> 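Got a structure here, written out as structure tokens. Questions coming.
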2 protein chains.
Amino acid sequence: MASASIDPNREPNPVEAFEADEGFPGKKAAEIAGITYRQLDYWARTDLVKPSLARAHGSGSRRRYSYRDLLELRAVKSLLDAGIRLELVREVFAYLTEHLDEDVTRVNLVIQGSSVMVRTGEEEIVDLLRRGQGVLNILPLAGVKEEVDAAIVELYPEGRRAADETPSARAVGE
Amino acid sequence: MASASIDPNREPNPVEAFEADEGFPGKKAAEIAGITYRQLDYWARTDLVKPSLARAHGSGSRRRYSYRDLLELRAVKSLLDAGIRLELVREVFAYLTEHLDEDVTRVNLVIQGSSVMVRTGEEEIVDLLRRGQGVLNILPLAGVKEEVDAAIVELYPEGRRAADETPSARAVGE
DNA sequence: CAGTGGAACTACAGCCCTGTGACTCCGCAC
DNA sequence: GTGCGGAGTCACAGGGCTGTAGTTCCACTG
């Protein structure tokens, strides 16, 4: 709701400030995504979601997750919470990592058997439903983004160098 | 759509003949459902899908599955194939066993988080989609029935005492 | 009615996956 | 340098099977 204006020369929001600064360290990434640190660690080791700003290089080093990584982490969590096996989640993300651009906001992730799609309209989904082959799994990515943003604001209200407080729903286009 | 006519004085189809006779023994049930015998056994032991005509009572005894049991087995398999964890499947069936009447044919099974629903129209599903909270899993039960019928006809064409050879459901689909 | 063969259930060990706990280790900021 | 916090390691647990070697019961034969 509210003031998520698409101002071309707006201030960087907390998310961007964070990222520009240094990204999110493992522990915070886990908190924001709502998972345990051990899961985050396990997923990183097993190549499910790796920190894209800086990978670990031995004990004592620090992983650094980008905002997009957070979205992925949270999406994984959502799928898991919905009772989907990590095995399938891995397949999904193998695809997703390549095909997901920045248009996260109005899109549904649709999984049908072993094929993954990114669908915008309800029409298309109804169509899939009608020709119903097997189970459909549908994850609205908009919700994922909202959750991540909310978690960031709640856990780390001032970003890093303060910046814009509005939760940045980033709006339509992209 | 099509020829699954509800003819009041039709012959019993192979399915009904089978069941009236003695139901389906474990091994055949597994074949028809498209699962391994070990899975069937495991599910029976852990109370996921139990043979409703006769449960095992020691080595040498025989489980006897009803046609409806076959539908459940196949539905479980579909859910599993779709990457859903057995844990969730158990929850689903706890509900389903009570709320699934005989109208299996035009219904979608909708799972959202921990709540399970049986929905007929696309409207309702679109609505759920629109207010999208979390992941939706949708399984068209019609397909399940078709698959079971097809499997029975293919694997055991003569039912038991012959009976009606016409593939009951299928026809048009395909 | 006893004997027998085989189908089908049972027991049990073992495998893989997904974590979790409890340490240990070590890079980096100070 | 040194200490802190986060990465690494290892052992182990629980779920969900699978494979295999028993056990039984049941139907059929004689």
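Residue numbers begin at 1 in each chain, while the letters A, B, ... track the order of the sequences. Note that this is a predicted model, so its numbers are computed, not measured.
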> A/W43 side chain N/O closer than 4.0 Å to the phosphate oxygens (OP1, OP2) of C/dT18?
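Negative; the distance criterion is not met.
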> What is the distance, to the nearest angstrom, from the NZ atom on A/K27 to the P atom on D/dG5?
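Going from A/K27 (NZ) to D/dG5 (P), I get 8 Å.
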> Please determine, for the side chain of A/L80, which listed nucleotide (C/dG19, D/dC17, D/dG8) has the closest atom?
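Of the options given, the side chain of A/L80 lies nearest C/dG19.
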> Rounding to an integer number of Å, can you tell me how far A/L40 CG sits from C/dT20 P?
11 Å
> May I ask you to say whether A/R68 pairs ionically with A/E72, meaning some side-chain N is under 4.0 Å from a carboxylate O?
yes
> Rounding to a whole Å, what distance do you find between B/Q39:CD and C/dC9:P?
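Rounding to the nearest Å, CD of B/Q39 and P of C/dC9 are 15 Å apart.
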> When you check every protein heavy atom under 4.0 Å of nucleotides 23-28 of chain D, what one-letter string (B, S, -) results, 5' to 3'?
BBS---
> Could you tell me, to 10°, how much the axis swings from one end of the helix from C/dC1-D/dG30 to C/dC30-D/dG1 to the other, five pairs per end?
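The two end axes of the helix from C/dC1-D/dG30 to C/dC30-D/dG1 meet at 10°.
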> Closer than 4.0 Å, any side-chain N/O of A/R64 to the OP1 or OP2 of D/dG6?
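No, A/R64 has no side-chain N/O under 4.0 Å of OP1/OP2 on D/dG6.
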> Atom CG of A/D41 and atom P of D/dG5: how far apart are they, to the nearest Å?
18 Å
> Please evaluate residues B/L139 and B/V92 with respect to the criterion side-chain contact (heavy atoms from CB on, under 4.5 Å), reporting the C-alpha separation (whole Å), side-chain torsions for both, the decisive distance (0.1 Å), and the verdict.
CA-CA 11 Å; B/L139 170 63; B/V92 169; over 6 Å; no
> For DNA chain C, which residues of residues 83-91 of chain A approach it to below 4.0 angstrom with any heavy atom?
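When residues 83-91 of chain A is checked for heavy atoms under 4.0 Å from DNA chain C, the hits, listed by number, are A/L86, A/E87, A/R90.
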> Provide the closest heavy-atom pair for A/G23 versus A/P25 in the form atom of the first, atom of the second, distance.
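Nearest pair, atom of A/G23 first, then A/P25: O-CD, 3.8 Å.
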> Only one of B/L128, B/I138, B/I125 forms a side chain to side chain contact (heavy atoms under 4.5 Å, CB included) with A/I138, so which one is it?
B/I138
> Nearest to the side chain of B/T36, which nucleotide is it out of D/dT18, D/dC17, C/dA8?
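The listed nucleotide nearest to B/T36's side chain is D/dT18.
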> Out of C/dT20, D/dG6, D/dG8, which nucleotide sits closest to the side chain of A/R45?
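Given the options C/dT20, D/dG6, D/dG8, the side chain of A/R45 is closest to D/dG8.
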> With sugar-phosphate meaning primed atoms plus P, OP1 and OP2, does A/T46 contact a base, only sugar-phosphate, or nothing at under 4.0 Å between heavy atoms?
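Since no nucleic acid heavy atom lies under 4.0 Å of A/T46, the category is nothing.
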> Any idea which heavy atoms bring B/S61 and B/H57 closest together, and the distance?
OG-N, 2.9 Å
> Rounding to a whole Å, what distance do you find between A/Y42:OH and C/dT18:P?
4 Å
> Working to the nearest 0.5 Å, report the span between CG of A/L141 and CG of A/L71.
8.5 Å
> Round to a whole Å and report the spacing from NZ of B/K77 to P of D/dG16.
17 Å
> For a side-chain contact (heavy atoms from CB on, under 4.5 Å) check, start with the C-alpha distance between A/L86 and A/Y42, then their side-chain angles and the critical distance, and finish with the verdict.
CA-CA 12 Å; A/L86 196 64; A/Y42 179 67; 4.2 Å; yes
> Respond yes when some side-chain nitrogen or oxygen of A/R38 is under 4.0 Å from OP1 or OP2 of C/dG21, and no when none is.
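Result: no.
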> So which atom in A/A75 and which in A/V144 form the shortest heavy-atom distance, rounded to 0.1 Å?
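Heavy atoms only, the tightest pair is N-CG1, 3.9 Å.
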> Compare all side-chain heavy atoms of B/N137 with those of A/I84 and state whether any distance is below 4.5 angstrom.
yes
> What I want to check is whether the side chains of B/S66 and B/D69 have a donor and an acceptor closer together than 3.5 Å.
yes
